[in-house]
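Owing to the predicted nature of the structure, the values given are computational and were not obtained by experimental measurement.
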Amino acid sequence: MHSREEAVRLADELGGRIHVALRDDGLDAELVVELACLLYDKGLRTPAVQEVLERATAHLTARDLARLGEDLLRDSGFEPTFALEPGLWTELEQALKRVARDVRATGIPGMLRLVVPDWDDSDQAWVEFRGVHHGNGIRPVAGRDPQGALASVADAAQEVIMEMIWGVWPVCSVHGLGLRAELEDEMVVWRCAGAGTHDVALVGELSSERRE
């Protein structure tokens with residue numbers, strides 16, 4: 001039996017290897033069996049774990065392995081890191097560029113940057129403003145979807161900007177209320193709670209603000 005810390009480390013390591021193998025279409029049955037055994041030892045008795053342990057390895061097709069590998073990753077709570085999927089970081093950076101346009105459009109001086117602080121071993125990205133990061137980090141999986149990435153980055157940027165300027169940002173010019181980044185209909189908008197709520201602009205387009 002592994003210690004809890006060792007089991008977590010092994011699950012993450014196996015999850016990473018299976019993730020890469022699935023991505024590259026080269027998943028080996030031994031990896032699937034090893035992760036299933038580890039999850040079983042941890043007390044997880046999911047259908048995927050049971051199927052892997054009950055079926056003969058030789059009878060598992062490539063399609064079976066891919067399906068079971070994906071199910072085991074889900075069961076173990078595995079999430080890819082930026083190192084495994086650099087595209088996740090790239091997506092967050094693209095989102096940050098859009099938010100930075102709003103910062104410039106509203107006349108707030110300062111540089112936004114995406115960083116992973118040395119003290120943070122959770123592999124989360126943080127939005128840095130004027131050399132400071134504040135609030136909550138952004139998990140790599142946020143970069144899987146462009147609009148989800150934009151919503152996460154806008155929230156994080158808003159938090160650190162307001163901390164640094166000691167004020168509300170951005171602000172609705174009609175109602176004088178702070179805006180919130182909201183994801184709706186696959187678009188991320190800056191929304192005001194005034195007059196029963198209304199959308200001010202798409203995130204990244206505050207310079208073309210529309211009044212309602």
Side-chain angles (χ1 to χ4, degrees), residues 1-96 113-128 133-157 159-160 183:
M1 292 288 291
H2 301 291
S3 68
R4 187 174 185 281
E5 293 76 13
E6 186 179 7
V8 170
R9 180 186 62 79
L10 286 173
D12 284 343
E13 179 183 325
L14 285 169
R17 293 171 65 188
I18 290 174
H19 174 83
V20 171
L22 285 169
R23 183 189 65 196
D24 299 340
D25 295 322
L27 183 57
D28 190 289
E30 290 184 7
L31 289 176
V32 174
V33 172
E34 192 173 351
L35 181 55
C37 289
L38 183 61
L39 296 179
Y40 186 89
D41 289 343
K42 290 173 62 178
L44 285 175
R45 306 292 195 269
T46 66
V49 170
Q50 299 283 42
E51 183 176 349
V52 172
L53 298 182
E54 291 172 3
R55 291 183 61 181
T57 304
H59 295 163
L60 295 174
T61 66
R63 180 172 294 182
D64 289 333
L65 289 174
R67 172 177 55 81
L68 291 168
E70 291 174 352
D71 288 348
L72 291 177
L73 291 183
R74 183 195 63 238
D75 295 341
S76 65
F78 172 81
E79 293 183 0
T81 63
F82 291 120
L84 284 176
E85 292 291 344
L88 299 175
W89 182 271
T90 301
E91 196 64 63
L92 295 180
E93 284 191 321
Q94 293 301 314
L96 190 67
R113 198 161 69 98
L114 207 60
V115 300
V116 177
D118 293 337
W119 51 262
D120 187 355
D121 59 2
S122 64
D123 194 49
Q124 294 188 103
W126 294 72
V127 174
E128 182 183 272
H133 33 76
H134 175 80
N136 298 314
I138 304 170
R139 291 161 51 200
V141 290
R144 283 178 171 169
D145 169 65
Q147 296 305 314
L150 184 57
S152 296
V153 169
D155 281 342
E159 196 163 9
V160 68
L183 177 60

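- In terms of heavy atoms, P80 sits closest to L88 at CG-CD1, 4.1 Å.
- Under 4.0 Å is where a charged nitrogen must lie from a carboxylate oxygen, and between E70 and R74 no such pair does.
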Under 3.5 Å, which donor-acceptor pairs do the side chains of residues 24-38 form with other protein atoms, sequence neighbours left out?
unit_1: D28; atom_1: OD1; unit_2: E30; atom_2: N; d: 2.7

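- No hydrogens or angles considered: nothing links the side chains of D155 and S152 as a donor-acceptor pair under 3.5 Å.
- Between P140 and W89 there is no side-chain heavy-atom pair separated by less than 4.5 Å.
- For residues 81-96, the salt bridge (Lys or Arg N to Asp or Glu O under 4.0 Å) pairs, not counting sequence neighbours, are R23-E85.
- With a 6.0 Å radius and a threshold of 12 heavy atoms from other residues, nucleotides or ligands, R17 has its CZ atom at or below the threshold.
- In this structure, the side chain to side chain contact (heavy atoms under 4.5 Å, CB included) partners of A48, at least two apart in sequence or on a different chain, are T46, L68, D71, L72, D75.
- Taking the side chain as every heavy atom from C-beta outward, L150 and Q147 approach each other to under 4.5 Å.
- Using a 4.5 Å cut-off on side-chain heavy atoms (C-beta onward), V115 and H133 make contact.
- Nearest approach of Q124 to V116, heavy atoms of both residues: O-CG2, 3.5 Å.
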For V160 and E128, what are the C-alpha separation, side-chain angles and deciding distance, and is it a side chain to side chain contact (heavy atoms under 4.5 Å, CB included)?
CA-CA 7 Å; V160 68; E128 182 183 272; over 6 Å; no

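- With hydrogens and angles disregarded, no donor-acceptor distance shorter than 3.5 Å links the side chain of R55 to the backbone of L60.
- Scanning all heavy atoms of the two residues, the minimum distance from F82 to I138 falls at CZ-O, 4.3 Å.
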